[in-house]
Amino acid sequence: MSHLYLHIPFCKQACHYCDFHFSTSQKNRKEILQAMMKELELRKHSLSGKTLETIYFGGGTPSQLSSDELKFILDEIDTHFSIAEKAEITLEANPDDLSNSYLKSLRHTPVNRLSIGIQSFRDEDLKLMNRAHTAKEAESVVMRAQDAGFANLTVDLIYGIPGLDESAWKKNLDRINELDVPHLSSYCLTVEPKTAFAQFVKSGKIAPVDDELASEHFRQLIQFAKENEFEHYEISNFAKKDFVAKHNSSYWFGESYLGIGPSAHSFDGSVRRWNVSNNMKYLNAISIGEKTFEEEVLTENERYNEYVMTHLRTMWGISSKELKEKFPNNYFEHFTIESEKWIASEDLKNNADVFILTEKGKLIADRIASDLFEV
Ligand code: SF4
């Protein structure tokens, strides 16, 4: 089983909180897409003999691609890889790009899942974050995508936004339910250094994220999931039956994936590789036949820490059996000792030798994981 990620490094405008790699210039767009196809060919051996179960167009803004560009890329993928008959093929899309004609043209491509970056149904939040769409577009896009035939879709929402109080956050969540959205990814706003938001907080233009309010939003989110038959299958991800994201789950299960395009990451079970986060440097490297990535071989400690971090965040938790199979016994002993206090504080529970976060524990998942790490 393997997975392919393509990073489309273009955006219409820069969101104020974003620290992903993208460019608002469309200069060299054709050349970069061609370079990505060259990279695909050069690195296809890393997944040789494996069938692609998922293909994920992330970014940046993949919905900036025309349906012809998407078809061209998917045809190229098809010439180099074997693609599973029921492969999940996801396109990240912004509401302002999803016109009815674009949605219709997407239906003529193999894309079968949309990840729509709504983030909020309120104009004041969208303006504050400098999103390119309006609340009206956020409202209409889900129904229009469903009408066009995209039953498998997910929506992103951000909580912890300054000015978003509990009742406004509840209304955003209620819209998810009213629109019959089958999968939700929801993240707390984080103010990353070097973003416009970091500047705004520094200059006092906006208030920093209120941790107490963000925790309350997260509690509301958990409650919302319970009341509306969403499985809370990963800290930030919620799915109705049969709508768990296969591509994202592959990251949490440590499966191998190949990442193509500027800033894309790859993993083969022991080596992590990451491409240069600069469109021109990427283009130049491909044109002169140089490597586009740096790499590191994970040590046993790093593999264990990553296993703990990713599995702890999911509803499937950490199984003692798997820990013992994957790592030398001292890791299991370390885990057993360190987990005791979190079990005693009821942040972690042991369900027939599978360790899973409790609702209380989900609020401090990172703290618990780092405590269980081997350093
Ligand atoms: S659209 Fe996405 S990738 Fe582009 S700036 Fe906004 S958050 Fe970042």
Side-chain angles (χ1 to χ4, degrees), residues 5-29 32-33 36 56-66 69-70 73 90-99 102-103 106 111 113-138 141-142 145 153-162 164 172 183-201 206 209 214 236-237 245 247-248 251 259-265 274-280 282:
Y5 172 82
L6 297 113
H7 190 89
I8 308 300
F10 307 107
C11 289
K12 210 185 261 182
Q13 65 191 50
C15 301
H16 286 157
Y17 58 90
C18 181
D19 77 337
F20 296 125
H21 169 65
F22 67 92
S23 166
T24 50
S25 159
Q26 300 282 332
K27 212 173 134 214
N28 297 314
R29 168 180 168 141
I32 286 168
L33 294 182
M36 287 173 65
Y56 192 98
F57 289 88
T61 311
S63 54
Q64 287 278 293
L65 295 177
S66 69
E69 285 171 323
L70 272 166
I73 295 171
T90 306
L91 181 85
E92 281 183 359
N94 281 344
D96 44 307
D97 289 331
L98 292 178
S99 64
Y102 186 64
L103 281 163
L106 280 183
V111 170
R113 182 170 183 269
L114 292 179
S115 171
I116 309 178
I118 286 180
Q119 316 307 356
S120 174
F121 291 99
R122 303 191 328 148
D123 272 326
E124 52 267 61
D125 301 333
L126 297 170
K127 274 197 193 123
L128 184 74
M129 296 189 287
N130 202 36
R131 297 288 300 174
H133 64 278
T134 61
K136 203 169 160 203
E137 284 167 321
V141 69
V142 173
L153 54 83
T154 176
V155 161
D156 283 356
L157 284 185
I158 296 179
Y159 59 89
I161 304 169
L164 180 75
N172 271 353
H183 186 284
L184 169 68
S185 296
S186 188
Y187 302 90
C188 182
L189 179 70
T190 45
V191 179
E192 303 289 351
K194 295 188 189 159
T195 60
F197 260 173
Q199 282 303 319
F200 296 163
V201 170
I206 60 165
V209 175
S236 308
N237 286 280
H247 186 85
N248 304 44
Y251 298 150
I260 297 294
S263 83
H265 283 227
W274 58 97
N275 275 349
V276 60
S277 294
N278 180 298
N279 287 2
M280 286 318 292
Y282 173 82

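In listed order, ligands and their atoms are each counted from 1. Both backbone and side-chain heavy atoms feed into the values below; hydrogens, waters and symmetry mates do not.
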Enquirer: Which residue owns the protein heavy atom closest to atom 3 (S) of ligand 1, what's the atom, and how far is it?
Expert: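 Closest protein heavy atom to atom 3 (S) of ligand 1: Gly60 N, 3.3 Å.
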
Enquirer: Considering the options Val142, Val141, Val155, Leu103, which one meets the side-chain contact (heavy atoms from CB on, under 4.5 Å) requirement together with Leu114?
Expert: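 Going through Val142, Val141, Val155, Leu103 one by one, the side-chain contact (heavy atoms from CB on, under 4.5 Å) with Leu114 is satisfied by Leu103 alone.
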
Enquirer: Sequence neighbours left out, what passes side chain to side chain contact (heavy atoms under 4.5 Å, CB included) with Glu69? Give chain and number order.
Expert: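 Glu69: side chain to side chain contact (heavy atoms under 4.5 Å, CB included) contacts with Arg29, Leu33, Leu65, Ser66.
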
Enquirer: Report yes if some heavy atom in the side chain of Asn237 is under 4.5 Å from a heavy atom in the side chain of Ser186; otherwise report no.
Expert: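 They are not in contact (no side-chain heavy atoms under 4.5 Å apart), so the answer is no.
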
Enquirer: Which protein N, O or S atoms does atom 6 (Fe) of ligand 1 have within a distance shorter than 2.8 Å?
Expert: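 Per the 2.8 Å query on atom 6 (Fe) of ligand 1, atoms found are Cys15 SG.
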
Enquirer: Sequence neighbours left out, what pairs pass salt bridge (charged side-chain N to carboxylate O under 4.0 Å, His left out) with at least one residue falling in residues 5-15?
Expert: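 For residues 5-15: Lys12-Asp96, Lys12-Asp97.
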
Enquirer: Considering residues at least two apart in sequence or located in another chain, which fulfil the side chain to side chain contact (heavy atoms under 4.5 Å, CB included) criterion with Tyr102?
Expert: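 Result, side chain to side chain contact (heavy atoms under 4.5 Å, CB included) vs Tyr102: Ser63, Leu70, Leu91, Leu98, Ser99, Ser105, Leu106.
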
Enquirer: To check you understand the geometry: which heavy-atom pair defines the closest contact between Glu92 and Gly58, and what is its length?
Expert: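 Looking at all heavy atoms of both residues, the shortest contact is OE1-CA, 3.4 Å.
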
